[in-house]
Amino acid sequence: MKLVTYISAIFFLLLQTATAQVQFEAKVSKTTLGINERLRIDFTMNDDGDNFEPPNFDACGFKVVAGPSQQVSQSWINGRSSFSKTYSYFLIPKSRGTLTIKQASIEIRGQIYKTSPVRITVTAAVELPKDPNYAPQVSVNDAIHLVAEVSKNNPYINEPITVVYKLYISYDIGVKSWRELDKPKYNDFWSQNIDIKELRAEDGTYNGEKMRYVVLRKTVLYPQKSGKLMIEPLSLDIDVQLPSNRRNFFGQVLLIDDSKRVSAGARTINVKPLPEAGKPENFNGAVGRFSFNAKPSKTTLNNGESLDLTVSVSGTGNLKLFTLPKPTVPSSLEMYDPVHSENVSTPLSGMTGSISDTYTIIPQFKGDYPIKPLTFSYFDPSVGKYKTISSAPFTIKVLDGPANASATASNGNEVQKQALTKTAQFKFIKLKTKLVNKTEGDFFGSTGFYSLMISPLLALPLLLLIRRRNKAVAADVVGNKTKNSNKLAKRFLSEAKTAMNDKERFYISLERALHNFLKAKLQIETSEMSKMKIAELLQNKHATNETTSALIRLIESCEFARYAPTSESVINADYETAVDLLNQLEKQIK
């Protein structure tokens, strides 16, 4: 009897094991992480399998920094057996956004099992906690620091502040290369990058320790609203060389390659609103220290001549962010729209220079015309007060020409007659006419009459066809977007060609041309563009691997060249490469 019971129990356990459900799943350490953090992913199964195939992490937007490591555990508790096998990887993201880790697969008992895709949200860099058990040795973690130095944390609206990004490097390590992972964003700021022509290493200190540093980026910011404004961080991926404990045959220290991701950290700026007390009515947003002038080119002129009235502001402040006051002149003076000009440079201290509006004025009648003074108000943040400047008044004297009818004097019921003077603008009325007799037949019943009667009937079908075609064109949203993107790509490529002497403008235009071309051909929005997404879509469109790789390299070159020194030959080569790649893709994409 006992033998039968044992056999039944063994059979039941074997049956339970055979019919147990196979589980194969992917588990991540977190679903939201900063671009400077690491992600752990475990592929776990409850039965042993073969031919494990991990996803292509590189195509998913991740770089493998460790793994795979394998763990196997098996236990027997209360008559039940359990089995677990895990493949583990450590990953770092390549870019911000929503990334998807695709399926992994394994073969268990002749069947293929796959994990579910995992969506990971990558945000801006976050501050990482320091390890309290960290040993005080030379390490890449303490040898590189990226710092964002802000000139002022509590400016007024439209008061300039500067952000200087410095990379501090220990004397004990070397830097091979660096790449921008995440560019800083200046929401609610007007920003101007200052071109750095050459990267130079200088001596400095960080937390009391002597280090080298390199200034990577300088930016001037003008806050456009009050309150707490966030400057998102700059993040870099840096390839370094660290000294090891080993030496070569000649006694020289051997170096090992490593990589480090650093972030400048987010900064919060508390922007003060401009005071309401004492604000002039004509205040137009000017903040800084300025001088103001309204000057005519001449004040005495003859009939038919013109003068130029130049209204100008010079000094230091937000010169590009406000409008100049407009002069008021009598109706007898014809004033044309102004020609605006700017002579503004942007050093670290903020915008400096001058702006002006030049009005052309032409008198219509002779006489004396007084011009009222113009007033210009601005806020001086150094003293926290508004200031108002007035221009000097002047009078325009027109020596000759017709008299203004409104200025003629009357004597009783008679109006004094003025002598009429012939000018370029006013000519005598012709008193003689030259009429030519012309004999014409009746219009009614003529060929022209019947043509006009029939033409609306003939035009009706054509109008219906045109209307139907316009509706079809308007309904084709994708087609319209494609046409617009194609036009923009050609326009920005043309702008890039004309801006070869201006490095930053050239690469901005070239990058926009590439983006609009890809939007037209791949039906993708700019917000969705990533190098992996572009490569994947181009392969689906039958573009060759060589062309795709060359395009990705060109996009990276555009991103890097805007913030690094370059030469005229490189700019010409990048332009020729872009033209050639667009022509190749035009033929290859299906």
Side-chain angles (χ1 to χ4, degrees), residues 150-152 155-165 184-198 215 217-225 229 231 269 271 274 280 282-297 308-327 336-360 374-383 386-391 495-496 498-509 512 562-563 565:
V150 180
S151 62
K152 195 170 186 179
Y156 285 101
I157 291 178
N158 271 318
E159 182 182 3
I161 62 174
T162 59
V163 184
V164 179
Y165 295 92
K185 294 181 176 61
Y186 310 111
N187 298 325
D188 301 315
F189 289 93
W190 184 94
S191 62
Q192 174 69 54
N193 289 326
I194 298 177
D195 188 26
I196 299 177
K197 297 181 179 179
E198 182 180 358
V215 176
R217 184 193 280 256
K218 298 178 182 179
T219 305
V220 179
L221 303 177
Y222 285 82
Q224 297 300 294
K225 71 176 187 180
L229 305 184
I231 299 177
I269 308 298
V271 182
L274 298 180
N282 66 335
F283 178 69
N284 204 17
V287 177
R289 293 183 295 277
F290 304 104
S291 60
F292 173 69
N293 192 21
K295 184 178 181 181
S297 58
D308 289 334
L309 175 59
T310 302
V311 180
S312 62
V313 169
S314 60
T316 301
N318 60 334
L319 288 163
K320 296 183 178 181
L321 304 177
F322 62 85
T323 57
L324 294 169
K326 184 177 181 179
Y336 293 87
D337 291 337
V339 176
H340 184 76
S341 62
E342 297 179 353
N343 182 19
V344 180
S345 60
T346 309
L348 270 180
S349 57
M351 285 185 274
T352 183
S354 63
I355 60 173
S356 64
D357 286 341
T358 301
Y359 297 84
T360 298
L374 295 178
T375 58
F376 171 72
S377 299
Y378 66 94
F379 180 77
D380 188 345
S382 62
V383 296
Y386 294 95
K387 296 182 180 180
T388 301
I389 309 174
S390 297
S391 64
E495 287 184 6
T498 59
M500 286 186 173
N501 294 328
D502 186 345
K503 182 196 71 175
E504 184 172 354
R505 213 176 105 215
F506 168 79
Y507 280 106
I508 289 175
S509 299
R512 288 179 177 175
R562 287 167 57 188
Y563 310 104

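A distance-only check finds a donor-acceptor pair linking the side chain of Q224 to the backbone of Y222 [under 3.5 Å]. Panel note: side chain N282, backbone T375; a donor-acceptor pair is recorded below 3.5 Å.
Side-chain contact between Q192 and M351 is absent, with no heavy atoms from C-beta onward closer than 4.5 Å. The shortest distance between side-chain heavy atoms of K218 and L348 falls below 4.5 Å. The side-chain heavy atoms of P347 and S345, taken from C-beta on, include a pair separated by under 4.5 Å. Within the 4.5 Å cutoff, the side chain of V287 has no heavy atoms near those of the I157 side chain. Counting only heavy atoms from C-beta outward, the side chains of F322 and N158 never approach each other to under 4.5 Å. Contact of the I355 side chain with the K320 side chain is not registered, since no non-hydrogen atoms from C-beta on lie closer than 4.5 Å. Contact check for N284 versus P325: no side-chain heavy atoms found under the 4.5 Å cut-off.
Atoms CD and CG, from E159 and L221 in turn, are 12.5 Å apart once rounded to the nearest 0.5 Å. Expressed to the nearest 0.5 Å, how far CG of N343 lies from CG of L319 amounts to 10.0 Å. Rounded to the nearest 0.5 angstrom, K295 NZ and L309 CG are separated by 11.5 Å. In this structure, I389 CD1 and L374 CG are separated by 12.0 Å, a value rounded to the nearest 0.5 Å. Taking OH of Y359 as the reference point, atom OG of S297 lies at 15.0 Å (rounded to 0.5 Å). A distance of 4.5 Å separates CD1 of I161 from CD1 of I269, quoted to the nearest 0.5 Å.
When all heavy atoms of H340 and D357 are compared, the pair lying nearest together is ND1-OD1, 2.7 Å. The shortest non-hydrogen separation linking T310 to S356 is CG2-CB, 4.0 Å. Annotation for V271 and P223: closest pair CG2-CB, 3.7 Å, computed over non-hydrogen atoms. Among all heavy-atom pairs drawn from F292 and S312, the shortest one is CD1-O, 3.4 Å.
For the pairing with N318, the side chain to side chain contact (heavy atoms under 4.5 Å, CB included) check across F379, Y378, F290 returns one residue only, F290.
No more than 12 heavy-atom neighbours from other residues, nucleotides or ligands sit within 6.0 angstrom of NZ on K326.
Judged purely by distance below 3.5 Å, without hydrogens or angles, the side chains of S377 and T388 pair a donor atom with an acceptor atom.
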